[in-house]
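Report on one structure; see the data block that follows.
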Amino acid sequence: GIATPTSQALVAGTRNIPIVFTAVTDPVGAQLTKSWDANGGNVTGVSDVLDLSKQIELIQEILPNAKKVCMVYNPGEANSVAVVETFKQLLPQYGMELVEAAAPRTVDVSSAARTLAGKVDVIYTNTDNNVVSAYESLAKVGNDTRTPLIASDTDSVKRGAIAALGVNYYELGEQTGRIVVRILNGEQPGDIAPQPSDNIQLFINVTAAEKQGVTLSPELLERATEIIR
């Protein structure tokens, strides 16, 4: 099962067939597993959960004066709600505050962002399925209003975000595949603890930075795994 909604549908459908989820930020909050430990049952998998403190530090490195962080997300998606709740706790520790922009449908993404553009310092996006599906429209808002976009999904950098410190999803798929092989070879999914990604990378888009009015430091560019021009 790829991503939270798909995996939830699979878990609701069977308690017998082995299920391996992937690209799920909060499998416990999404009620796919009881905990991050091996706990019996027919479900295990790989999460794309990120250290949100590192995400905030990336925002500060790119935009040292940022105070208001807007997050566009679908309030019906469990992984996005988990990120929002954690941000509410963490951002004040960095002298910042969260401004929420709800986008329950894909068609809402652009309008939700445009409503707040000019009132916030940066727009942050996680792996929300609605937002990722409409990222080009969100990038247009960022470019038109010179509002910087920072993502957690590295593929979104190719589509118009300035930067992302996130999971390499190709390698996440390989990590998931190794769990599938273990199950096909006879292990029980309930004996395999859910795993986070073991490879976090920094992607930078210098063209997006220019369009959104941001100057990137040489130090940041030097650390990048991939630079898109």
Side-chain angles (χ1 to χ4, degrees), residues 2-6 22-26 47-50 52 54-56 58-59 62-63 66 68-84 87 98-173 197 200-214 216 224-229:
I2 300 175
T4 302
T6 304
T22 191
V24 173
T25 302
D26 185 5
S47 171
D48 59 359
V49 64
L50 297 170
L52 293 183
K54 299 295 185 184
Q55 301 292 304
I56 296 170
L58 177 64
I59 292 172
I62 295 173
L63 299 160
K68 293 186 176 182
V69 178
C70 171
M71 182 167 161
V72 183
Y73 73 103
N74 173 12
E77 190 164 325
N79 66 314
S80 298
V81 173
V83 173
V84 166
F87 261 176
L98 180 67
V99 180
E100 299 177 44
R105 304 169 300 166
T106 300
V107 295
D108 298 326
V109 170
S110 176
S111 58
R114 197 170 290 277
T115 298
L116 290 169
K119 302 175 184 177
V120 297
D121 300 307
V122 58
I123 296 174
Y124 175 82
T125 60
N126 68 322
T127 53
D128 186 284
N129 287 280
N130 281 0
V131 174
V132 170
S133 296
Y135 215 89
E136 282 77 11
S137 65
L138 182 60
K140 187 176 188 308
V141 174
N143 295 342
D144 290 347
T145 63
R146 292 176 72 80
T147 303
L149 298 180
I150 296 177
S152 66
D153 170 29
T154 53
D155 284 341
S156 295
V157 177
K158 301 173 184 177
R159 300 168 64 190
I162 291 174
L165 181 64
V167 170
N168 180 315
Y169 281 91
Y170 184 89
E171 294 186 8
L172 191 80
S197 168
I200 305 301
Q201 300 181 346
L202 174 63
F203 279 40
I204 300 288
N205 185 327
V206 294
T207 301
E210 291 171 2
K211 290 180 178 179
Q212 294 163 27
V214 173
L216 300 172
T225 306
E226 184 172 336
I227 297 175
I228 294 110
R229 301 184 185 276

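Values reported hereafter were calculated over all heavy atoms of this structure, with side chains retained and with hydrogens, waters and symmetry mates removed.
- For residues 120-154, every residue pair satisfying the ring pair (Phe, Tyr, Trp, His ring centres under 6.0 Å) rule, not counting sequence neighbours, is listed here: Phe87-Tyr124.
- Across Arg146 and Lys211, no two heavy atoms sit closer than the pair NH1-O, 3.5 Å.
- Here the closest non-hydrogen pair linking Ala113 and Val72 is CB-CG2, 4.1 Å.
- Remark: the backbone N or O of Gln201 is not paired with any side-chain donor or acceptor of Thr225 at under 3.5 angstrom.
- The distance from atom CG of Asn126 to atom OH of Tyr73, rounded to the nearest 0.5 Å, is 10.0 Å.
- Side-chain atoms of Glu100 never come within 3.5 Å of backbone atoms of Met71 as a donor-acceptor pair (strictly under, hydrogens ignored).
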* To do: List the steps, then state whether side chain to side chain contact (heavy atoms under 4.5 Å, CB included) holds for Thr125 with Leu138.
  => CA-CA 10 Å; Thr125 60; Leu138 182 60; 3.5 Å; yes
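- Annotation: side chain of Leu50 is in contact with side chain of Val167 (closest heavy-atom distance under 4.5 Å).
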* To do: May I have the step-by-step check of side chain to side chain donor-acceptor pair (under 3.5 Å) for Thr25 and Asp48, ending in yes or no?
  => CA-CA 5 Å; Thr25 302; Asp48 59 359; 3.0 Å; yes
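- Rounding to the nearest 0.5 angstrom, the gap separating the OH atom in Tyr169 from the CG atom in Asp155 is 8.5 Å.
- Every pair passing salt bridge (charged side-chain N to carboxylate O under 4.0 Å, His left out) that includes a residue from residues 112-132 is listed here, sequence neighbours excluded: Arg114-Asp144.
- Here Thr127 contributes atom OG1 and Asp153 contributes atom CG; the two are 7.0 Å apart, rounded to the nearest 0.5 Å.
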* Derivation and outcome, side chain to side chain donor-acceptor pair (under 3.5 Å), residues Asn143 and Gln212 -> CA-CA 5 Å; Asn143 295 342; Gln212 294 163 27; 3.1 Å; yes
* To do: Take Ile200 and Leu165, measure what side chain to side chain contact (heavy atoms under 4.5 Å, CB included) needs, and give me the verdict at the end.
  => CA-CA 7 Å; Ile200 305 301; Leu165 181 64; 4.0 Å; yes
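- Distance CZ/Arg105 to CG/Asn130: 10.0 Å, rounded to 0.5 Å.
- The distance from atom CG of Leu116 to atom OG1 of Thr147, rounded to the nearest 0.5 Å, is 9.5 Å.
- For the residue pair Ala208 and Ala161, the shortest heavy atom distance occurs at CB-O, 3.7 Å.
- Here the closest heavy-atom approach between residue Ala112 and residue Ala102 is recorded as CB-O, 3.6 Å.
- Side-chain contact between Val83 and Leu52: present, with at least one pair of heavy atoms (C-beta onward) separated by less than 4.5 Å.
- Of all non-hydrogen atoms in Thr145 and Ala117, the two that sit nearest each other are OG1-CB, 3.5 Å.
- Under the 4.5 Å side-chain criterion, counting only non-hydrogen atoms from C-beta, Ile150 is in contact with Ile62.
- The closest side-chain heavy-atom distance from Ile204 to Val206 is below 4.5 Å.
- Summarising the local packing, CG of Leu202 is surrounded by more than 12 heavy atoms from other residues, nucleotides or ligands at distances under 6.0 Å.
- Minimum heavy-atom separation, Ala134 to Thr106: CB-CG2, 3.5 Å.
- Counting heavy atoms from C-beta on, the side chains of Asn205 and Ile162 never come closer than 4.5 Å.
- A 4.5 Å side-chain heavy-atom check between Asn74 and Asn129 finds every atom pair outside the cut-off.
- With contacts defined as side-chain heavy-atom distances shorter than 4.5 Å, the pair Arg159/Val157 does not qualify.
- Annotation: side chain of Pro148 is in contact with side chain of Leu63 (closest heavy-atom distance under 4.5 Å).
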* Test log, rule side chain to side chain contact (heavy atoms under 4.5 Å, CB included), inputs Ser110 and Lys140 -> CA-CA 8 Å; Ser110 176; Lys140 187 176 188 308; over 6 Å; no
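- Of the inter-residue distances, the one linking Lys54 atom NZ with Ser152 atom OG reads 16.0 Å to the nearest 0.5 angstrom.
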